[in-house]
Protein chains: 2
Amino acid sequence: LAELAARSLSGLAEITAGADLAALIATALEAEHPARPLRDGHIVAIAHKIVSKSEGAVVDLNTIKPGPRALELAEQTIPTGAQAKDPRAVQVVLDQSAEIVRAERGVIVSRTHHGFVCANAGVDASNSVDPQTLIVLPREPDASARRIRARLRELTGASVAVLISDSFGRAWRHGQCDIAIGCAGLDPLDDWRGRSDGSGRELHATWPAVADAIAATADLARAKDSREPVVILEGLERFVNARDGPGAVALLRAPQEDLFR
Amino acid sequence: LAELAARSLSGLAEITAGADLAALIATALEAEHPARPLRDGHIVAIAHKIVSKSEGAVVDLNTIKPGPRALELAEQTIPTGAQAKDPRAVQVVLDQSAEIVRAERGVIVSRTHHGFVCANAGVDASNSVDPQTLIVLPREPDASARRIRARLRELTGASVAVLISDSFGRAWRHGQCDIAIGCAGLDPLDDWRGRSDGSGRELHATWPAVADAIAATADLARAKDSREPVVILEGLERFVNARDGPGAVALLRAPQEDLFR
(Lines give C-alpha, C1' and ligand atoms only; values in the text may rest on other atoms or scores of the structure.)
Protein backbone atom coordinates (compact mmCIF):
# COMPACT_ATOMS: atom_id res chain seq x y z
CA LEU A 1 0.00 0.00 0.00
CA ALA A 2 1.34 3.39 -0.97
CA GLU A 3 1.63 5.94 1.79
CA LEU A 4 -1.27 8.34 2.05
CA ALA A 5 -0.34 11.98 1.43
CA ALA A 6 -2.44 15.13 1.34
CA ARG A 7 -1.31 18.65 0.45
CA SER A 8 -3.36 21.81 0.22
CA LEU A 9 -3.26 24.60 -2.33
CA SER A 10 -2.96 28.05 -0.84
CA GLY A 11 -2.88 30.25 -3.93
CA LEU A 12 -6.51 30.29 -5.03
CA ALA A 13 -8.02 33.73 -5.61
CA GLU A 14 -11.48 34.74 -4.35
CA ILE A 15 -13.98 32.81 -6.48
CA THR A 16 -16.79 34.62 -8.28
CA ALA A 17 -19.78 33.37 -10.26
CA GLY A 18 -18.77 31.86 -13.58
CA ALA A 19 -15.18 31.13 -12.50
CA ASP A 20 -13.54 28.16 -14.21
CA LEU A 21 -12.60 26.36 -11.00
CA ALA A 22 -10.72 23.54 -12.69
CA ALA A 23 -8.54 26.03 -14.57
CA LEU A 24 -7.84 28.00 -11.37
CA ILE A 25 -6.89 24.79 -9.57
CA ALA A 26 -4.64 23.63 -12.40
CA THR A 27 -2.89 27.00 -12.51
CA ALA A 28 -2.41 27.20 -8.72
CA LEU A 29 -1.11 23.64 -8.64
CA GLU A 30 1.43 24.36 -11.35
CA ALA A 31 2.63 27.47 -9.53
CA GLU A 32 2.85 25.87 -6.06
CA HIS A 33 3.93 22.33 -6.89
CA PRO A 34 5.61 22.52 -10.33
CA ALA A 35 7.36 19.19 -9.81
CA ARG A 36 4.22 17.38 -8.71
CA PRO A 37 1.50 17.69 -11.36
CA LEU A 38 -1.84 15.91 -11.16
CA ARG A 39 -1.58 12.25 -12.12
CA ASP A 40 -4.10 9.52 -12.83
CA GLY A 41 -5.51 8.31 -9.53
CA HIS A 42 -5.00 11.51 -7.57
CA ILE A 43 -8.01 12.89 -5.73
CA VAL A 44 -8.86 16.60 -5.80
CA ALA A 45 -10.96 17.47 -2.75
CA ILE A 46 -12.73 20.82 -2.88
CA ALA A 47 -14.59 22.61 -0.08
CA HIS A 48 -18.09 23.19 -1.42
CA LYS A 49 -18.11 26.94 -0.80
CA ILE A 50 -15.94 27.75 -3.79
CA VAL A 51 -18.02 25.43 -5.95
CA SER A 52 -21.18 27.22 -4.77
CA LYS A 53 -19.62 30.62 -5.44
CA SER A 54 -18.47 29.61 -8.92
CA GLU A 55 -21.99 28.41 -9.69
CA GLY A 56 -23.65 31.49 -8.25
CA ALA A 57 -25.28 29.40 -5.50
CA VAL A 58 -25.51 32.41 -3.19
CA VAL A 59 -28.49 34.31 -1.84
CA ASP A 60 -28.72 38.04 -1.11
CA LEU A 61 -30.59 38.38 2.19
CA ASN A 62 -32.02 41.71 1.00
CA THR A 63 -34.07 39.85 -1.61
CA ILE A 64 -35.66 37.51 0.97
CA LYS A 65 -39.02 38.13 2.62
CA PRO A 66 -39.49 35.72 5.53
CA GLY A 67 -42.79 33.86 5.67
CA PRO A 68 -44.74 33.04 8.86
CA ARG A 69 -42.95 29.71 9.40
CA ALA A 70 -39.52 31.41 9.19
CA LEU A 71 -40.62 34.10 11.64
CA GLU A 72 -41.93 31.45 14.02
CA LEU A 73 -38.76 29.29 13.78
CA ALA A 74 -36.49 32.32 14.24
CA GLU A 75 -38.24 32.93 17.57
CA GLN A 76 -38.48 29.28 18.58
CA THR A 77 -34.85 28.40 18.12
CA ILE A 78 -33.21 31.05 20.28
CA PRO A 79 -30.89 29.37 22.78
CA THR A 80 -30.66 30.96 26.21
CA GLY A 81 -28.49 34.04 26.09
CA ALA A 82 -28.02 34.00 22.32
CA GLN A 83 -29.12 36.44 19.64
CA ALA A 84 -32.27 35.75 17.66
CA LYS A 85 -31.73 34.26 14.21
CA ASP A 86 -32.34 36.52 11.22
CA PRO A 87 -35.77 35.36 9.97
CA ARG A 88 -34.59 35.97 6.40
CA ALA A 89 -31.73 33.50 6.92
CA VAL A 90 -34.25 31.02 8.38
CA GLN A 91 -36.35 31.51 5.23
CA VAL A 92 -33.31 30.61 3.09
CA VAL A 93 -32.84 27.45 5.20
CA LEU A 94 -36.51 26.57 4.66
CA ASP A 95 -36.19 27.19 0.91
CA GLN A 96 -33.27 24.75 0.81
CA SER A 97 -35.11 22.10 2.86
CA ALA A 98 -37.46 19.32 1.88
CA GLU A 99 -38.27 18.56 5.54
CA ILE A 100 -37.43 19.98 8.97
CA VAL A 101 -36.08 17.10 11.10
CA ARG A 102 -35.50 19.03 14.36
CA ALA A 103 -35.89 22.66 15.35
CA GLU A 104 -34.98 23.22 18.98
CA ARG A 105 -32.23 24.57 21.24
CA GLY A 106 -31.02 27.06 18.62
CA VAL A 107 -30.52 24.41 15.96
CA ILE A 108 -32.46 23.70 12.79
CA VAL A 109 -31.65 20.27 11.40
CA SER A 110 -33.31 19.58 8.07
CA ARG A 111 -33.23 17.27 5.11
CA THR A 112 -32.19 19.28 2.06
CA HIS A 113 -33.70 18.83 -1.38
CA HIS A 114 -30.61 16.72 -2.20
CA GLY A 115 -31.34 14.44 0.78
CA PHE A 116 -28.57 15.62 3.13
CA VAL A 117 -29.55 15.78 6.81
CA CYS A 118 -27.59 18.63 8.37
CA ALA A 119 -27.77 21.86 10.36
CA ASN A 120 -29.26 24.88 8.57
CA ALA A 121 -29.58 22.97 5.28
CA GLY A 122 -25.89 23.64 4.66
CA VAL A 123 -26.57 27.38 4.38
CA ASP A 124 -23.47 29.21 5.44
CA ALA A 125 -22.29 32.74 6.01
CA SER A 126 -18.65 32.41 7.03
CA ASN A 127 -16.02 33.25 4.42
CA SER A 128 -18.72 34.99 2.43
CA VAL A 129 -17.70 38.15 0.62
CA ASP A 130 -20.57 40.11 2.08
CA PRO A 131 -22.42 39.61 5.40
CA GLN A 132 -25.72 40.03 3.53
CA THR A 133 -24.83 37.13 1.22
CA LEU A 134 -25.43 33.52 2.22
CA ILE A 135 -23.82 30.59 0.47
CA VAL A 136 -26.07 27.62 -0.24
CA LEU A 137 -25.05 24.12 -1.31
CA PRO A 138 -24.46 23.50 -5.02
CA ARG A 139 -27.70 22.49 -6.73
CA GLU A 140 -26.35 19.07 -7.78
CA PRO A 141 -22.94 18.45 -6.22
CA ASP A 142 -22.31 15.16 -8.02
CA ALA A 143 -22.85 16.92 -11.36
CA SER A 144 -20.50 19.70 -10.23
CA ALA A 145 -17.86 17.08 -9.39
CA ARG A 146 -18.31 15.42 -12.79
CA ARG A 147 -17.94 18.74 -14.60
CA ILE A 148 -14.80 19.75 -12.68
CA ARG A 149 -13.34 16.28 -13.22
CA ALA A 150 -13.93 16.39 -16.98
CA ARG A 151 -12.44 19.86 -17.20
CA LEU A 152 -9.37 18.90 -15.13
CA ARG A 153 -8.82 15.98 -17.49
CA GLU A 154 -9.11 18.29 -20.48
CA LEU A 155 -6.61 20.75 -18.97
CA THR A 156 -4.07 18.37 -17.41
CA GLY A 157 -4.59 15.03 -19.14
CA ALA A 158 -4.90 13.34 -15.73
CA SER A 159 -7.81 11.09 -14.83
CA VAL A 160 -8.37 12.17 -11.24
CA ALA A 161 -11.28 11.81 -8.85
CA VAL A 162 -13.05 14.96 -7.67
CA LEU A 163 -14.73 15.22 -4.28
CA ILE A 164 -16.79 18.15 -2.95
CA SER A 165 -17.06 18.43 0.82
CA ASP A 166 -18.97 20.23 3.52
CA SER A 167 -18.60 20.28 7.30
CA PHE A 168 -21.50 18.50 9.01
CA GLY A 169 -22.28 18.12 12.68
CA ARG A 170 -23.14 14.65 13.91
CA ALA A 171 -25.78 13.13 16.14
CA TRP A 172 -24.38 12.15 19.57
CA ARG A 173 -20.94 13.67 19.09
CA HIS A 174 -19.58 17.19 19.44
CA GLY A 175 -17.86 19.00 16.63
CA GLN A 176 -18.04 18.73 12.89
CA CYS A 177 -16.39 16.47 10.35
CA ASP A 178 -16.12 17.10 6.64
CA ILE A 179 -18.16 14.66 4.58
CA ALA A 180 -18.62 14.20 0.83
CA ILE A 181 -21.59 15.96 -0.73
CA GLY A 182 -20.46 15.24 -4.29
CA CYS A 183 -17.91 13.06 -6.04
CA ALA A 184 -16.92 11.71 -9.44
CA GLY A 185 -14.37 9.07 -10.36
CA LEU A 186 -14.48 7.65 -6.87
CA ASP A 187 -16.09 4.64 -5.17
CA PRO A 188 -17.90 6.45 -2.35
CA LEU A 189 -18.41 3.21 -0.42
CA ASP A 190 -15.97 0.32 -0.26
CA ASP A 191 -18.27 -2.66 -0.13
CA TRP A 192 -16.69 -5.36 2.00
CA ARG A 193 -20.00 -6.93 2.92
CA GLY A 194 -19.78 -10.64 2.20
CA ARG A 195 -16.00 -10.54 1.62
CA SER A 196 -13.79 -12.15 4.21
CA ASP A 197 -11.36 -10.61 6.63
CA GLY A 198 -7.74 -11.59 7.12
CA SER A 199 -8.77 -14.64 9.15
CA GLY A 200 -11.03 -15.97 6.36
CA ARG A 201 -14.35 -15.16 7.98
CA GLU A 202 -17.00 -12.86 6.60
CA LEU A 203 -16.93 -9.14 7.39
CA HIS A 204 -20.67 -8.81 7.70
CA ALA A 205 -21.25 -5.17 8.31
CA THR A 206 -18.00 -3.64 7.08
CA TRP A 207 -18.86 -1.00 4.54
CA PRO A 208 -16.41 1.90 4.84
CA ALA A 209 -17.70 5.29 3.72
CA VAL A 210 -14.51 6.01 1.82
CA ALA A 211 -15.66 9.33 0.35
CA ASP A 212 -16.47 10.70 3.80
CA ALA A 213 -13.11 9.54 5.18
CA ILE A 214 -11.37 11.27 2.27
CA ALA A 215 -13.29 14.48 2.96
CA ALA A 216 -12.23 14.31 6.62
CA THR A 217 -8.61 13.72 5.62
CA ALA A 218 -8.62 16.68 3.24
CA ASP A 219 -9.95 18.94 5.98
CA LEU A 220 -7.01 17.98 8.21
CA ALA A 221 -4.58 19.00 5.47
CA ARG A 222 -5.67 22.62 5.44
CA ALA A 223 -5.63 25.42 7.97
CA LYS A 224 -9.16 26.77 8.19
CA ASP A 225 -8.17 30.40 8.53
CA SER A 226 -5.83 30.39 5.56
CA ARG A 227 -8.45 29.79 2.87
CA GLU A 228 -7.24 26.55 1.45
CA PRO A 229 -10.31 25.03 -0.15
CA VAL A 230 -8.42 22.59 -2.39
CA VAL A 231 -6.48 19.53 -1.23
CA ILE A 232 -4.72 16.96 -3.44
CA LEU A 233 -4.60 13.39 -2.08
CA GLU A 234 -2.24 10.66 -3.23
CA GLY A 235 -1.97 7.01 -2.25
CA LEU A 236 -5.70 6.29 -2.59
CA GLU A 237 -5.55 5.15 -6.20
CA ARG A 238 -7.40 1.94 -5.32
CA PHE A 239 -10.61 3.93 -4.81
CA VAL A 240 -10.30 5.97 -8.03
CA ASN A 241 -12.11 4.84 -11.18
CA ALA A 242 -12.10 5.71 -14.86
CA ARG A 243 -15.89 6.08 -14.79
CA ASP A 244 -17.68 8.84 -12.88
CA GLY A 245 -19.46 6.28 -10.69
CA PRO A 246 -22.57 6.66 -8.53
CA GLY A 247 -21.59 9.91 -6.83
CA ALA A 248 -22.01 10.91 -3.19
CA VAL A 249 -25.76 10.41 -3.49
CA ALA A 250 -24.95 6.71 -2.89
CA LEU A 251 -24.06 7.65 0.70
CA LEU A 252 -27.58 8.82 1.52
CA ARG A 253 -29.72 6.52 3.61
CA ALA A 254 -33.28 6.51 2.32
CA PRO A 255 -35.70 8.27 4.74
CA GLN A 256 -37.78 5.10 5.08
CA GLU A 257 -34.67 3.16 6.28
CA ASP A 258 -33.68 5.91 8.66
CA LEU A 259 -33.95 5.12 12.38
CA PHE A 260 -33.30 8.73 13.46
CA ARG A 261 -36.03 11.09 12.31
CA LEU B 1 1.61 23.80 6.82
CA ALA B 2 3.50 20.52 6.57
CA GLU B 3 2.09 17.92 4.25
CA LEU B 4 -0.11 15.32 5.90
CA ALA B 5 1.25 11.78 5.63
CA ALA B 6 -0.03 8.49 7.00
CA ARG B 7 1.63 5.09 6.87
CA SER B 8 0.49 1.78 8.28
CA LEU B 9 2.44 -0.92 10.06
CA SER B 10 1.94 -4.39 8.65
CA GLY B 11 4.18 -6.49 10.84
CA LEU B 12 2.21 -6.73 14.05
CA ALA B 13 1.71 -10.27 15.41
CA GLU B 14 -1.62 -11.56 16.70
CA ILE B 15 -2.26 -9.76 19.98
CA THR B 16 -3.02 -11.70 23.14
CA ALA B 17 -4.07 -10.64 26.63
CA GLY B 18 -1.25 -8.96 28.51
CA ALA B 19 0.69 -8.02 25.37
CA ASP B 20 2.84 -4.89 25.66
CA LEU B 21 1.28 -3.11 22.67
CA ALA B 22 3.61 -0.13 22.79
CA ALA B 23 6.65 -2.40 22.68
CA LEU B 24 5.22 -4.40 19.77
CA ILE B 25 4.51 -1.18 17.88
CA ALA B 26 7.97 0.23 18.55
CA THR B 27 9.60 -3.00 17.37
CA ALA B 28 7.48 -3.27 14.22
CA LEU B 29 8.14 0.37 13.39
CA GLU B 30 11.88 -0.10 13.74
CA ALA B 31 11.80 -3.16 11.49
CA GLU B 32 9.58 -1.64 8.79
CA HIS B 33 10.67 1.99 8.80
CA PRO B 34 14.19 2.01 10.27
CA ALA B 35 14.91 5.45 8.81
CA ARG B 36 11.70 7.02 10.10
CA PRO B 37 11.44 6.57 13.87
CA LEU B 38 8.69 8.09 15.99
CA ARG B 39 9.24 11.78 16.64
CA ASP B 40 7.63 14.34 18.91
CA GLY B 41 4.32 15.36 17.37
CA HIS B 42 3.64 12.14 15.49
CA ILE B 43 0.27 10.50 16.05
CA VAL B 44 -0.05 6.75 16.57
CA ALA B 45 -3.56 5.64 15.63
CA ILE B 46 -4.56 2.17 16.80
CA ALA B 47 -7.65 0.18 15.86
CA HIS B 48 -9.36 -0.62 19.14
CA LYS B 49 -9.50 -4.36 18.58
CA ILE B 50 -5.85 -4.92 19.39
CA VAL B 51 -6.17 -2.71 22.46
CA SER B 52 -9.17 -4.75 23.59
CA LYS B 53 -7.32 -8.01 22.99
CA SER B 54 -4.23 -6.82 24.87
CA GLU B 55 -6.46 -5.86 27.80
CA GLY B 56 -8.43 -9.09 27.72
CA ALA B 57 -11.62 -7.20 26.77
CA VAL B 58 -13.09 -10.26 25.11
CA VAL B 59 -16.07 -12.43 25.99
CA ASP B 60 -16.43 -16.17 25.48
CA LEU B 61 -19.99 -16.75 24.23
CA ASN B 62 -20.04 -20.12 25.97
CA THR B 63 -19.99 -18.36 29.33
CA ILE B 64 -23.05 -16.20 28.53
CA LYS B 65 -26.59 -17.09 29.49
CA PRO B 66 -29.03 -14.82 27.65
CA GLY B 67 -31.73 -13.19 29.76
CA PRO B 68 -35.33 -12.62 28.68
CA ARG B 69 -34.60 -9.17 27.19
CA ALA B 70 -31.78 -10.61 25.04
CA LEU B 71 -34.02 -13.46 23.86
CA GLU B 72 -36.75 -10.96 23.01
CA LEU B 73 -34.38 -8.59 21.17
CA ALA B 74 -32.75 -11.44 19.23
CA GLU B 75 -36.22 -12.28 17.88
CA GLN B 76 -37.32 -8.67 17.39
CA THR B 77 -34.38 -7.54 15.37
CA ILE B 78 -34.38 -10.13 12.61
CA PRO B 79 -34.44 -8.34 9.24
CA THR B 80 -36.43 -9.99 6.46
CA GLY B 81 -34.52 -12.91 5.02
CA ALA B 82 -31.68 -12.72 7.55
CA GLN B 83 -30.53 -15.13 10.22
CA ALA B 84 -31.62 -14.65 13.81
CA LYS B 85 -29.04 -13.04 16.08
CA ASP B 86 -27.37 -15.24 18.65
CA PRO B 87 -29.20 -14.32 21.90
CA ARG B 88 -25.91 -14.73 23.78
CA ALA B 89 -24.31 -12.07 21.56
CA VAL B 90 -27.33 -9.85 22.21
CA GLN B 91 -26.78 -10.39 25.93
CA VAL B 92 -23.18 -9.22 25.56
CA VAL B 93 -24.44 -6.09 23.75
CA LEU B 94 -26.90 -5.47 26.63
CA ASP B 95 -24.15 -5.97 29.20
CA GLN B 96 -22.07 -3.31 27.41
CA SER B 97 -25.00 -0.88 27.16
CA ALA B 98 -26.32 1.77 29.52
CA GLU B 99 -29.38 2.36 27.32
CA ILE B 100 -30.90 0.90 24.15
CA VAL B 101 -31.50 3.80 21.74
CA ARG B 102 -33.07 1.84 18.85
CA ALA B 103 -33.75 -1.84 18.26
CA GLU B 104 -35.39 -2.43 14.91
CA ARG B 105 -34.74 -3.65 11.38
CA GLY B 106 -31.94 -5.94 12.46
CA VAL B 107 -30.01 -3.21 14.21
CA ILE B 108 -29.41 -2.55 17.89
CA VAL B 109 -28.15 0.98 18.52
CA SER B 110 -27.26 1.64 22.12
CA ARG B 111 -25.42 4.02 24.38
CA THR B 112 -22.49 2.17 25.92
CA HIS B 113 -21.39 2.61 29.52
CA HIS B 114 -18.69 4.96 28.15
CA GLY B 115 -21.36 7.10 26.46
CA PHE B 116 -20.75 6.05 22.83
CA VAL B 117 -23.88 5.71 20.71
CA CYS B 118 -23.24 2.98 18.16
CA ALA B 119 -24.44 -0.30 16.70
CA ASN B 120 -24.16 -3.37 18.94
CA ALA B 121 -22.37 -1.40 21.68
CA GLY B 122 -19.16 -1.78 19.70
CA VAL B 123 -19.19 -5.55 20.25
CA ASP B 124 -17.42 -7.18 17.36
CA ALA B 125 -16.67 -10.64 16.05
CA SER B 126 -14.65 -10.07 12.90
CA ASN B 127 -10.88 -10.64 13.09
CA SER B 128 -11.47 -12.51 16.30
CA VAL B 129 -9.30 -15.54 16.89
CA ASP B 130 -12.27 -17.73 17.67
CA PRO B 131 -15.87 -17.48 16.41
CA GLN B 132 -17.08 -18.06 19.98
CA THR B 133 -15.12 -15.04 21.20
CA LEU B 134 -16.50 -11.52 20.93
CA ILE B 135 -14.35 -8.43 21.27
CA VAL B 136 -15.79 -5.64 23.38
CA LEU B 137 -14.58 -2.05 23.63
CA PRO B 138 -11.74 -1.27 26.05
CA ARG B 139 -13.12 -0.44 29.48
CA GLU B 140 -11.66 3.07 29.50
CA PRO B 141 -10.18 3.88 26.08
CA ASP B 142 -8.75 7.28 27.13
CA ALA B 143 -6.85 5.57 29.93
CA SER B 144 -5.62 2.94 27.47
CA ALA B 145 -4.39 5.71 25.18
CA ARG B 146 -2.61 7.42 28.08
CA ARG B 147 -0.90 4.19 29.11
CA ILE B 148 0.27 3.36 25.57
CA ARG B 149 1.45 6.94 25.11
CA ALA B 150 3.50 6.90 28.30
CA ARG B 151 5.03 3.54 27.41
CA LEU B 152 5.89 4.68 23.85
CA ARG B 153 7.63 7.70 25.33
CA GLU B 154 9.54 5.44 27.71
CA LEU B 155 10.62 3.14 24.88
CA THR B 156 11.32 5.64 22.09
CA GLY B 157 11.81 8.99 23.82
CA ALA B 158 9.22 10.56 21.51
CA SER B 159 6.28 12.57 22.81
CA VAL B 160 3.58 11.36 20.45
CA ALA B 161 -0.20 11.43 20.58
CA VAL B 162 -2.07 8.13 20.76
CA LEU B 163 -5.54 7.66 19.33
CA ILE B 164 -7.74 4.56 19.61
CA SER B 165 -10.41 4.15 16.93
CA ASP B 166 -13.48 2.13 16.11
CA SER B 167 -15.69 2.02 13.02
CA PHE B 168 -19.10 3.53 13.68
CA GLY B 169 -22.13 3.75 11.44
CA ARG B 170 -23.84 7.11 11.18
CA ALA B 171 -27.41 8.37 11.28
CA TRP B 172 -28.69 9.37 7.81
CA ARG B 173 -25.67 8.10 5.87
CA HIS B 174 -24.64 4.68 4.61
CA GLY B 175 -21.36 3.08 5.54
CA GLN B 176 -19.05 3.45 8.49
CA CYS B 177 -16.31 5.88 9.37
CA ASP B 178 -13.63 5.38 11.96
CA ILE B 179 -13.96 7.71 14.92
CA ALA B 180 -11.89 8.24 18.07
CA ILE B 181 -12.96 6.30 21.16
CA GLY B 182 -9.84 7.23 23.10
CA CYS B 183 -6.93 9.63 22.80
CA ALA B 184 -4.03 11.13 24.73
CA GLY B 185 -1.72 13.98 23.82
CA LEU B 186 -4.21 15.29 21.30
CA ASP B 187 -6.73 18.12 21.17
CA PRO B 188 -9.83 16.11 20.21
CA LEU B 189 -11.72 19.26 19.18
CA ASP B 190 -10.20 22.30 17.52
CA ASP B 191 -12.23 25.10 18.99
CA TRP B 192 -12.65 27.86 16.41
CA ARG B 193 -15.86 29.14 17.96
CA GLY B 194 -15.54 32.87 18.43
CA ARG B 195 -12.33 33.10 16.40
CA SER B 196 -12.50 34.80 13.04
CA ASP B 197 -12.13 33.35 9.58
CA GLY B 198 -9.84 34.61 6.83
CA SER B 199 -12.19 37.50 6.11
CA GLY B 200 -12.14 38.69 9.72
CA ARG B 201 -15.64 37.62 10.68
CA GLU B 202 -16.54 35.17 13.39
CA LEU B 203 -16.71 31.45 12.65
CA HIS B 204 -19.70 30.81 14.86
CA ALA B 205 -20.22 27.11 14.65
CA THR B 206 -16.85 25.87 13.44
CA TRP B 207 -15.63 23.27 15.85
CA PRO B 208 -13.77 20.55 13.94
CA ALA B 209 -13.75 17.11 15.53
CA VAL B 210 -10.05 16.67 14.85
CA ALA B 211 -9.70 13.32 16.62
CA ASP B 212 -12.49 11.80 14.52
CA ALA B 213 -10.96 13.16 11.30
CA ILE B 214 -7.61 11.65 12.30
CA ALA B 215 -9.28 8.29 12.96
CA ALA B 216 -10.90 8.43 9.51
CA THR B 217 -7.57 9.31 7.90
CA ALA B 218 -5.80 6.44 9.62
CA ASP B 219 -8.43 4.00 8.36
CA LEU B 220 -7.77 5.11 4.77
CA ALA B 221 -4.07 4.37 5.21
CA ARG B 222 -4.59 0.66 5.85
CA ALA B 223 -6.01 -2.19 3.85
CA LYS B 224 -8.72 -3.80 5.95
CA ASP B 225 -7.93 -7.38 4.92
CA SER B 226 -4.23 -7.12 5.64
CA ARG B 227 -4.48 -6.64 9.41
CA GLU B 228 -2.89 -3.26 9.80
CA PRO B 229 -4.25 -1.92 13.04
CA VAL B 230 -1.53 0.72 13.54
CA VAL B 231 -1.05 3.88 11.48
CA ILE B 232 1.52 6.64 12.05
CA LEU B 233 0.46 10.16 11.05
CA GLU B 234 2.78 13.08 10.44
CA GLY B 235 2.08 16.71 9.61
CA LEU B 236 -0.55 17.16 12.35
CA GLU B 237 1.87 18.40 15.00
CA ARG B 238 -0.34 21.45 15.64
CA PHE B 239 -2.93 19.22 17.32
CA VAL B 240 -0.44 17.31 19.48
CA ASN B 241 0.22 18.37 23.07
CA ALA B 242 2.69 17.62 25.81
CA ARG B 243 -0.17 16.97 28.24
CA ASP B 244 -2.56 14.04 27.90
CA GLY B 245 -5.52 16.39 27.47
CA PRO B 246 -9.23 15.73 27.92
CA GLY B 247 -9.39 12.53 25.90
CA ALA B 248 -12.03 11.40 23.41
CA VAL B 249 -14.68 11.64 26.12
CA ALA B 250 -14.74 15.37 25.23
CA LEU B 251 -16.36 14.38 21.92
CA LEU B 252 -19.45 12.94 23.59
CA ARG B 253 -22.58 15.02 23.49
CA ALA B 254 -24.43 14.82 26.81
CA PRO B 255 -27.68 12.84 26.52
CA GLN B 256 -29.70 15.85 27.70
CA GLU B 257 -28.30 17.95 24.81
CA ASP B 258 -28.93 15.22 22.30
CA LEU B 259 -31.66 15.86 19.71
CA PHE B 260 -31.60 12.30 18.36
CA ARG B 261 -32.69 9.77 20.95
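Each chain gets a letter, A, B and so on, in the order the sequences are listed, and its residues count up from 1. Hydrogens, waters and symmetry mates are skipped; everything else that's a heavy atom, side chains included, is used. Predicted model only: the values in this text are computed from it and were never measured.
- The CD atom of Gln176(B) lies 11.0 Å from the CG atom of Asp190(A); values are rounded to the nearest 0.5 Å.
- Residues of residues 209-218 of chain B lying under 4.5 angstrom from chain A, judged on non-hydrogen atoms, are Ala209(B), Val210(B), Asp212(B), Ala213(B), Ile214(B), Ala216(B), Thr217(B) by number.
- If you measure heavy-atom distances from Leu252(B) to chain A, the contacts under 4.5 Å come from both the backbone and the side chain.
- Counting only heavy atoms from C-beta outward, the side chains of Trp172(A) and Asp258(B) approach each other to under 4.5 Å.
- Here Arg36(A) pairs with Glu234(A), Glu3(B) under the salt bridge (Lys or Arg N to Asp or Glu O under 4.0 Å) rule; sequence neighbours left out.
- The residue among Leu189(B), Val101(B), Val231(B) with the most heavy atom pairs within less than 4.5 Å of chain A is Leu189(B).
- Residues meeting the side-chain contact (heavy atoms from CB on, under 4.5 Å) test with Pro37(B), sequence neighbours left out: Arg39(B).
- Arg173(B) places a side-chain heavy atom less than 4.5 Å from the side chain of Ile179(A).
- Residue contact with chain A, scored on non-hydrogen atoms closer than 4.5 Å, involves the backbone and the side chain of Arg170(B) alike.
- The two residues Arg102(B) and Leu259(A) come nearest to each other via the heavy atoms NE-O, 2.7 Å.
- Only the side chain of Leu236(B) comes within contact range of chain A, with heavy atoms under 4.5 Å apart.
- The CH2 atom of Trp207(A) lies 4.5 Å from the NE2 atom of His174(B); values are rounded to the nearest 0.5 Å.
- With a 4.5 angstrom heavy-atom cutoff, Val109(B) touches chain A only via side-chain atoms.
- The two residues Leu220(B) and Arg238(A) make their nearest non-hydrogen contact at O-NH2, 2.9 Å.
- For Arg88(B), the salt bridge (Lys or Arg N to Asp or Glu O under 4.0 Å) test picks out Asp86(B), with sequence neighbours left out.
- Counting heavy-atom pairs closer than 4.5 Å to chain B, the top residue among Ala119(A), Gly115(A), Ala254(A), Ala180(A) is Ala180(A).
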